[in-house]
Amino acid sequence: MKRRKFLKNSTTGTAALVATPLMVSCKNEKTTASLSESDQVPIKPIAVCTWNFQNATAKAWDVLKIGGSALDAVEQGVMVEEADVTNETVGKGGRPDRDGHVTLDACIMDKDGNCGAVVYLKNITHPVSVARKVMEETPHIILAGKGAEKFAYEQGFKKEDLLTESTRKQYEEWKKTSKYETTINIENHDTIGMLAIDKNGDIAGACTTSGMAYKVAGRVGDSPIIGAGLYVDNEVGGATATGVGEEVIRTVGSFLIVELMRQGKSPQEACEEGVRRIMKKNEGREDFQIGFLAINKQGETGGYCVHPGFSYQKYDPSGHGNVVSNSFY
Ligand code: SD4
């Protein structure tokens with residue numbers, strides 16, 4: 001059953017961030033020994049996430065600043081939102097599908113291209129951690145529905161009622177009309193996708209959501225789909241998405257953005273091109289929002305969206321803040 005060994009991440013203390021080691025600047029064919037000064041850029045640990053989930057990036061930073069791995073940082077970062085019942089778009093307290101069930105999607109990806117995902121998972125507050133267990137404890141990448149839930153219990157996760165008083169009431173209210181419509185920027189959802197670089201210059205990412213509120217039972221969005229809602233290539237960078245998942249899946253959005261960065265685009269240029277590709281397939285359509293967030297190996301970031309309103313949270317040695325993205329419209 002165990003294909004991958006659980007790798008304990010070493011913590012080396014706060015000195016790790018002060019030492020500013022050097023990493024190779026996108027020239028993978030060269031060894032460190034053969035690098036000239038100009039080929040090297042200092043490693044800058046950084047955590048970014050979609051929207052303004054500042055408690056999540058603060059948690060990720062707590063992990064990075066003591067020398068923790070990017071993988072631990074993104075998992076622990078997004079867990080903050082999964083556990084926050086006032087966040088009605090992620091984890092416990094997420095809004096239900098049209099049958100009244102909260103069903104969660106999440107994935108995680110590490111520096112070596114290992115990844116794990118869960119889709120249509122019920123009754124578990126932390127789908128990202130179950131996704132990590134899928135990655136580390138099974139020979140598979142995606143577990144769905146009942147199988148994912150059974151696996152979670154076997155791994156020691158507890159069964160919890162994810163519907164809260166507030167989301168139950170909102171659902172009862174919604175049932176009176178049962179109308180499904182998305183409203184730009186308050187689109188029944190706000191997924192958290194997070195990317196981080198650690199002291200070694202390694203990149204990891206995670207993405208977790210309750211998906212679109214009042215979705216058709218069984219619907220799975222882009223967020224747990226590797227390449228769509230999240231993609232990491234440790235040689236190049238990482239990308240993650242939020243918004244109407246169907247459109248992100250159709251362009252394999254996050255993979256596209258990482259490949260555009262591989263071809264030389266900056267994270268900002270790559271996100272803009274990703275949104276443009278989506279808009280080309282949806283000429284004249286204005287009724288949906290997508291936001292892309294990307295980071296490259298040098299720690300540069302970019303974000304872009306269809307409509308104004310998307311922003312991303314950023315935490316690095318220079319500080320903690322929210323960056324408002326430019327938009328296609
Ligand atoms: C989905 N992309 O399920 C997710 C929803 C989302 O901000 O991103 N919300 O389609």
Side-chain angles (χ1 to χ4, degrees), residues 48-53 56 74 78 81-82 84 86-91 93-98 101-109 117-122 127-128 131 142 144-145 148 162 167 180-195 205-231 239-257 271 274-275 278 281-282 285 287-294 303-313 322 324-325 327:
V48 287
C49 77
T50 53
W51 307 103
N52 56 356
F53 298 122
V74 295
V78 303
E81 294 306 318
E82 290 181 335
D84 181 356
T86 66
N87 179 342
E88 297 183 340
T89 56
V90 178
R95 294 196 195 93
D97 64 16
R98 56 185 59 183
H101 299 124
V102 181
T103 69
L104 305 178
D105 295 337
C107 71
I108 192 161
M109 192 161 188
V118 288
V119 305
Y120 193 64
L121 178 65
K122 292 179 184 169
V128 74
I142 306 177
L162 304 183
T167 52
Y180 183 78
E181 58 183 12
T182 59
T183 312
I184 287 151
N185 283 335
I186 340 159
E187 283 180 321
N188 299 333
H189 54 85
D190 269 347
T191 295
I192 181 165
M194 182 177 278
L195 304 161
C207 190
T208 177
T209 190
S210 52
M212 292 187 174
Y214 318 128
K215 60 197 174 187
V216 173
R219 181 262 186 190
V220 171
D222 61 315
S223 306
I225 308 298
I226 296 295
L230 176 77
Y231 195 71
T240 188
T242 178
V244 176
E246 282 72 6
E247 295 306 325
V248 178
I249 293 172
R250 290 213 294 153
T251 44
V252 198
S254 293
F255 181 74
L256 169 67
I257 286 169
C271 288
V275 168
I278 289 177
K281 290 189 173 142
N282 288 281
R285 207 183 138 196
D287 64 343
F288 68 101
Q289 174 69 305
I290 302 278
F292 281 123
L293 168 62
Y304 198 63
C305 51
V306 176
H307 291 279
F310 174 63
S311 65
Y312 65 92
Q313 198 67 26
N322 194 254
V324 175
S325 293
S327 57

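Whatever order the structure lists ligands and atoms in, that order sets their numbers, starting from 1. The first residue in the sequence is number 1, and the count goes up from there.
By the 4.0 Å heavy-atom criterion, Q289 is excluded from the residues contacting ligand 1.
Looking at K215, its side chain does come within 3.5 Å of a backbone N or O of T103 through a donor-acceptor pair. Under a 3.5 Å cut-off, the side chain of Y312 and the backbone N or O of W51 do not form any donor-acceptor pair.
In this structure, Y231 and V252 have side chains that are not in contact, with every pair of non-hydrogen atoms separated by 4.5 Å or more. By the 4.5 Å heavy-atom criterion applied to side chains, F292 and I278 are counted as neighbours. Between V275 and V306 there is a side-chain heavy-atom pair separated by less than 4.5 Å. Counting only heavy atoms from C-beta outward, the side chains of R219 and E246 approach each other to under 4.5 Å.
Every N/O-N/O distance between T209 and ligand 1 stays at or above 3.5 Å. Between T242 and ligand 1, at least one pair of N/O atoms sits closer than 3.5 Å. Considering backbone and side-chain N/O atoms, A241 never comes within less than 3.5 Å of an N/O atom of ligand 1. Ligand 1 has no N or O atom lying under 3.5 Å from any N or O atom of G221, backbone or side chain. Between T191 and ligand 1, an N or O atom pair is found at a separation short of 3.5 Å.
A search for side-chain hydrogen bond (donor to acceptor under 3.5 Å, both in side chains) contacts involving T251 returns nothing, not counting sequence neighbours. Every salt bridge (Lys or Arg N to Asp or Glu O under 4.0 Å) that E247 has, sequence neighbours left out, goes to R250, R285.
For ligand 1, the atoms sitting less than 4.0 Å from at least one non-hydrogen atom of D190 are 7 (O), 9 (N), numbered in the order shown with element in parentheses. Less than 4.0 angstrom separates some heavy atom of S223 from each of these atoms of ligand 1: 2 (N), 4 (C). For ligand 1, the atoms closer than 4.0 angstrom to any heavy atom of D222 are 1 (C), 2 (N), 4 (C), 10 (O).
For atom 10 (O) of ligand 1, the nearest non-hydrogen atom from the set R219, K215, E246 comes from R219.
Proximity of E247 to ligand 1, defined as any heavy-atom pair under 4.0 Å, is not found for any part of the residue.
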